Amino acid sequence: MAQIQVQHQAPVSGPNGVAPGAAGGAQFMLTSLYVGDLDVTVTDEQLYQLFSQVAPVASVRVCRDLASGRSLGYGYVNYNNLRDAARAMDLLNFTPLNNKPIRVMYSQRDPSLRKTGTANIFIKNLDKSIDHKALHDTFSSFGNILSCKISTDSFGQSKGYGFVQFDNEESAQNAIDKLNGMLINDKQVYVGHFLRKQERETALNKAKFNNVYVKNLSKSTTDEDLKTIFGEYGEITSAVVMRDADGKSKCFGFVNFENADDAAKAVEALNGKKFDDKEWYVGKAQKKSEREHELKAQFEQTMKEAADKSQGANLYIKNLDDSIGDETLKELFSEFGNITSCKVMRDPSGISKGSGFVAFSTPEEASRALAEMNGKMVVSKPLYVAVAQRKEERRARLQAQFSQMRPIIPSVAPRMPMYPAGAPGLGQQFLYGQAPPAMLPPQVIYLESLSILLT
DNA sequence: ACTGAGCGA
């Protein structure tokens, strides 16, 4: 097997070192490639084997978590000159490794230069047959692409939309102008600037409206007051403070403008202003359903952020001795950091299930605890410690596992029959998965996987 | 199910 050279290139400027990037003024290490979207099972050797087919490589590396050794899903390939690197990027971008297309870019370690968000475009209504490479080829005529991908599900199937990050705004605008609304594979595609959800919603909120909602009014504010204050911005058709049956102000109201531009001006001018020491909220009046939808979305966003923040800080423990309860579990792990929650799972009758969760304040603490505690003998048995997976991740992992079970056509499968003649399962066209050690009919494997997916 | 993620020795 080929030897992997581990010598590293000196990070110096020079003919082969730092060189000016294309328009936009970004600086790239033009001999150093960042390889992302790696399947976690991809190894240094595999990267080396692939990239050295194009030109001699100076070094390769799959980056790994220091404590657990788990692949971080990206790596680096360094070449001796920029021509080799450019050629490798061109030829090898989106090559599948372990069934997953890799994404190759120039290494750009300054995050501020990577996260500008400008010149980034979004494409949707793409035919499902269009893959990363086809997208790249379609858009590369408009400029230099830094990164490009189709969004896919856990089976690698296109979700029908994708992203192209150019290195300058003009290329992006040009691509939008030329391709938005065009037919690609008989489907009319949408091509526009990439907008985060928040930005899309603000854009949507700028849609015209005449009715304005105002809240946090003082008890004494009247319809007349609203008319006077909002009347400054244009012709008003109605202004009402909402009141209960006794005529007591509910401290909110509605002002309807003759024309939408004036309504927008009033919102702009009055939102957040103080009247009678009360800070008014002034905005587009929304239907109850719109408002509820927005609140729900906000709530979900908050939950998602909280989940992201705790990602990696929560450990799943199993093979726990039955005698261990919440307190003992906490004591076992407390030397590694601040424990925010700790729980032994129990069945309804209170008997330990032998598994539990320990959450730390930070992923670093959790990682240290994992490294130290996994496999450690506690009372009677060795602990199993892993980073807790969220339900969604567990599901995705099982799904990926399932998708990798390829049909085995009997004619190309080993000659040795897997089952005694007449055993169940022989009648079918193909068998799923690797040959099972037991003589289970293959469809049982299939159904088991499916039932896990469905739970 | 339809608007992202991503950088070391």
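In what follows, chains carry the letters A, B, and so on, assigned in the order in which the sequence lines appear, proteins first and then strands, with residues in each chain numbered from 1. These figures come from a predicted structure and were not determined experimentally.
OP1 and OP2 of B/dG8 both lie 4.0 Å or more from every side-chain N or O belonging to A/R61. In this model, the phosphate group of B/dA5 is not approached by any side-chain N or O of A/R114 to a distance below 4.0 Å at OP1 or OP2. Side-chain nitrogen and oxygen atoms of A/R196 include none within less than 4.0 Å of the OP1 or OP2 phosphate oxygen of B/dT3.
If you measure from atom OH of A/Y106 to atom C1' of B/dG8, you get 19 Å, rounded to the nearest angstrom. Between the CD1 atom of A/I150 and the C1' atom of B/dT3 there is a distance of 14 Å, given to the nearest Å. Nucleotide B/dG8 holds its P atom 15 Å from the CG atom of A/D44, rounded to whole Å. Atom CG of A/N93 is separated from atom P of B/dG6 by 17 Å (rounded to the nearest Å). Here B/dA5 presents its C1' atom at 7 Å from OH of A/Y34, a figure rounded to the nearest Å. If you measure from atom CG of A/L126 to atom C1' of B/dC2, you get 11 Å, rounded to the nearest angstrom. Atom-to-atom, CG of A/D110 to C1' of B/dG6 comes out at 13 Å; the value is rounded to the nearest Å.
For A/F163, the listed nucleotide lying nearest its side chain is B/dT3; candidates were B/dG8, B/dA5, B/dT3. Taking every side-chain heavy atom of A/K124 into account, B/dT3 is the closest of B/dG4, B/dC7, B/dT3. Set against B/dA5, B/dG6, B/dT3, the side chain of A/F122 has B/dT3 as its closest nucleotide. Closest approach to the A/N78 side chain among B/dC2, B/dG8, B/dC7 is made by B/dG8 (side chain taken as heavy atoms from C-beta onward).
For the side-chain hydrogen bond (donor to acceptor under 3.5 Å, both in side chains) with A/S147, the lone residue among A/Q165, A/R103, A/Q108 that qualifies is A/R103.
A donor-acceptor contact under 3.5 Å is not formed by the side chain of A/S151 with the base of B/dG4. With hydrogens and angles ignored, no donor-acceptor pair closer than 3.5 Å exists between the side chain of A/R103 and the base of B/dG6. For B/dA5, the base has no donor-acceptor partner in the side chain of A/D37 [N/O atoms by modelled type, under 3.5 angstrom].
In this structure, A/K343 is not positioned above the aromatic face of A/F357 in the sense of NZ or CZ being under 6.0 Å from the six-membered ring centre and within 45° of the axis.
Residues of residues 63-76 of chain A that place a heavy atom closer than 4.0 Å to DNA chain B, in numerical order, are A/C63, A/Y74, A/Y76.
Among the atoms of the strands shown, base atoms are found under 4.0 Å from some heavy atom of A/N120.
Judged by closest nucleotide on DNA chain B, A/Q157 is the one of A/Q157 and A/V164 placed further toward the 5' end.
Side-chain N or O atoms of A/R114 include one that pairs as donor or acceptor with a backbone N or O of A/R109 at under 3.5 Å. Side-chain atoms of A/N210 do not come within 3.5 Å of backbone N or O of A/N256 as any donor-acceptor pair.
Salt bridge absent: A/R87 and A/D84 never bring a charged side-chain N and a carboxylate O closer than 4.0 Å.
By the 4.5 Å heavy-atom criterion applied to side chains, A/I102 and A/F51 are counted as neighbours.
Shown here are the ring pair (Phe, Tyr, Trp, His ring centres under 6.0 Å) partners of A/Y384, two or more places apart in sequence or in another chain: there are none.
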Let me check something: any side-chain donor-acceptor pairs from residues 174-183 of chain A under 3.5 Å, sequence neighbours excluded? List them with distances.
residue: A/N174; atom: OD1; partner: A/K178; partner atom: NZ; Å: 2.9
residue: A/D177; atom: OD1; partner: A/Q173; partner atom: NE2; Å: 3.0
residue: A/N180; atom: OD1; partner: A/V191; partner atom: N; Å: 2.9

